[in-house]
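Below is one structure, written out as structure tokens; the observations come after it.
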Number of protein chains: 2
Amino acid sequence: MRLLLISNSASPGETYLEKPGADIARHLGDAKGDVVFIPFAGVTMTFDDYVTKVNAALAPHGVKVRGIHTFDEPLRAIAEAKAIMIGGGNTFRLLKMMQESGIINAIRERVKAGVPYVGWSAGANVACPTICTTNDMPIVEPLSFEALGFVPFQINPHYLDAHPEGHGGETREQRIREYLVANPGVRVVGLREGSRMFYEGGKLTLVGEHTARLFLFGDEPREVAPSEDVNFLLRKP
Amino acid sequence: MRLLLISNSASPGETYLEKPGADIARHLGDAKGDVVFIPFAGVTMTFDDYVTKVNAALAPHGVKVRGIHTFDEPLRAIAEAKAIMIGGGNTFRLLKMMQESGIINAIRERVKAGVPYVGWSAGANVACPTICTTNDMPIVEPLSFEALGFVPFQINPHYLDAHPEGHGGETREQRIREYLVANPGVRVVGLREGSRMFYEGGKLTLVGEHTARLFLFGDEPREVAPSEDVNFLLRKP
């Protein structure tokens, strides 16, 4: 497998996909001019607008995508895809549409066969076993929470330490601790904005200017730096 | 029906259930000394500890609860309950346990027959048609998103305007706007911390020091004040 899992498209002050753009192009390699894009996480914009936005952002890097919704035969489009990219938005809506259209199994098969995969935010979340560590609102009910399962750990994208002042709701860390109680055998990687993970040649690496926060039931959460070996994440805890 | 739906148990600087305590006692009336409490939303504390915490907080108001988990026959306990109270925590876990134990239907029936209901945070969320406007992480997968449906609108508890600075994730309002696109026929009430809603004698009222933020697909979000008539929320938009 060849995976690029990105926490977020852009942080405030950055243009869309500005930070990960060069890495996306490098990761896609020869396939970068012919990518099948899944825009299903986009809710408040049309799929066409989403594709236009992604192409505008990635054109300087020579990346060109086509929306899965524009193919007459979406399953065939996935079967023949040279690369697959899933953008951010609402994870529940994304998963539900992938399930109902049947492309989820086709994507899983193709990526496991070696087709390069790029996902950010919701697109990084669905690369995990389930969507149970999403931050999104459950605006629609998917057929199940089971996702693509490319990696054996869960990613929490947009991981943040800050909490709005004077607010009584749970912090992100409290939410993840609840996840651990309910799912004691699964690791969670809190992937901060600006961070991404590569998997290729059987190796996993963390890239970006931030550490990631690692959670496992029974252990104190700890930080891992981009320079550290994170391949233990590929094994069962 | 007699409902008291509370945004949150306590804001920073307040003791647990300090603000809504007196309203809870008044709402429960003669039943306040004999309340069946559903602690299923509690994940990082035991159900016993949850019950102890609630009783300690509400004892000054003469309110006494017993956890549903301590009854040999939970369905019978609900059938005979004089009042039902559901506390906050993780909404997905709460709904899943209510579904799997079968008490969800029993609670719905009893409350619709007039037994007073009190719920805060997750407990206010499950009084709505679905849990689709929760802020919680989907740490477990419920059998469905369908909830108690005591009111025809959705509550977003802990509604907040603030957004952590420099963070690229969606604001609360953006999340609710996504919900509206996917569910154009349902109103959402953003219930700020410190706010609550009463329903009794066929009338709905908003209580607390804040306005609530009202969302409906196609309309600009707007504020409603506690002094305003909010009974239109009981009708279809």
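Being a predicted model, the structure only gives us computed values, none of them experimental. Sequence lines set the chain letters: A, B, ... in the order given, protein chains first and strands last, and positions in each chain run from 1.
Residues Glu141(A) and Leu143(B) come closest through the heavy atom pair OE2-O, 4.0 Å. Residues Thr134(A) and Pro138(B) approach most closely at CG2-CG, 3.6 Å, considering heavy atoms. Looking at every heavy atom in both residues, Met137(B) comes nearest to Asn156(A) through CE-ND2, 3.6 Å. For Phe145(A) against Val140(B), the heavy-atom pair with the smallest separation is CE2-O, 3.4 Å.
For residues 181-194 of chain A, heavy-atom neighbours of chain B at less than 4.5 Å comprise Val181(A), Ala182(A), Asn183(A), Glu193(A), sorted by residue number. Residues from residues 38-58 of chain B that place a non-hydrogen atom less than 4.5 Å from a non-hydrogen atom of chain A comprise Val43(B), Thr44(B), given in numerical order.
Residue pairs meeting the ring-ring contact (aromatic ring centres under 6.0 Å, His included) criterion with at least one member in residues 8-27 of chain B, sequence neighbours excluded: His27(B)-Phe198(B).
Interface remark: Glu170(A) contributes side-chain atoms only to the contact with chain B (heavy atom separation under 4.5 Å). Neither the backbone nor the side chain of Leu180(A) comes within contact range of chain B, judged by heavy atoms closer than 4.5 Å. Both the backbone and the side chain of Ser144(A) come within contact range of chain B, judged by heavy atoms closer than 4.5 Å.
Partners of Arg196(A) according to the side chain to side chain donor-acceptor pair (under 3.5 Å) rule, which considers only residues two or more places apart in sequence or in another chain, are Asp23(A).
Contact tally against chain B (heavy-atom pairs below 4.5 Å) for Asn8(A), Leu160(A), Ile176(A): the top residue is Leu160(A).
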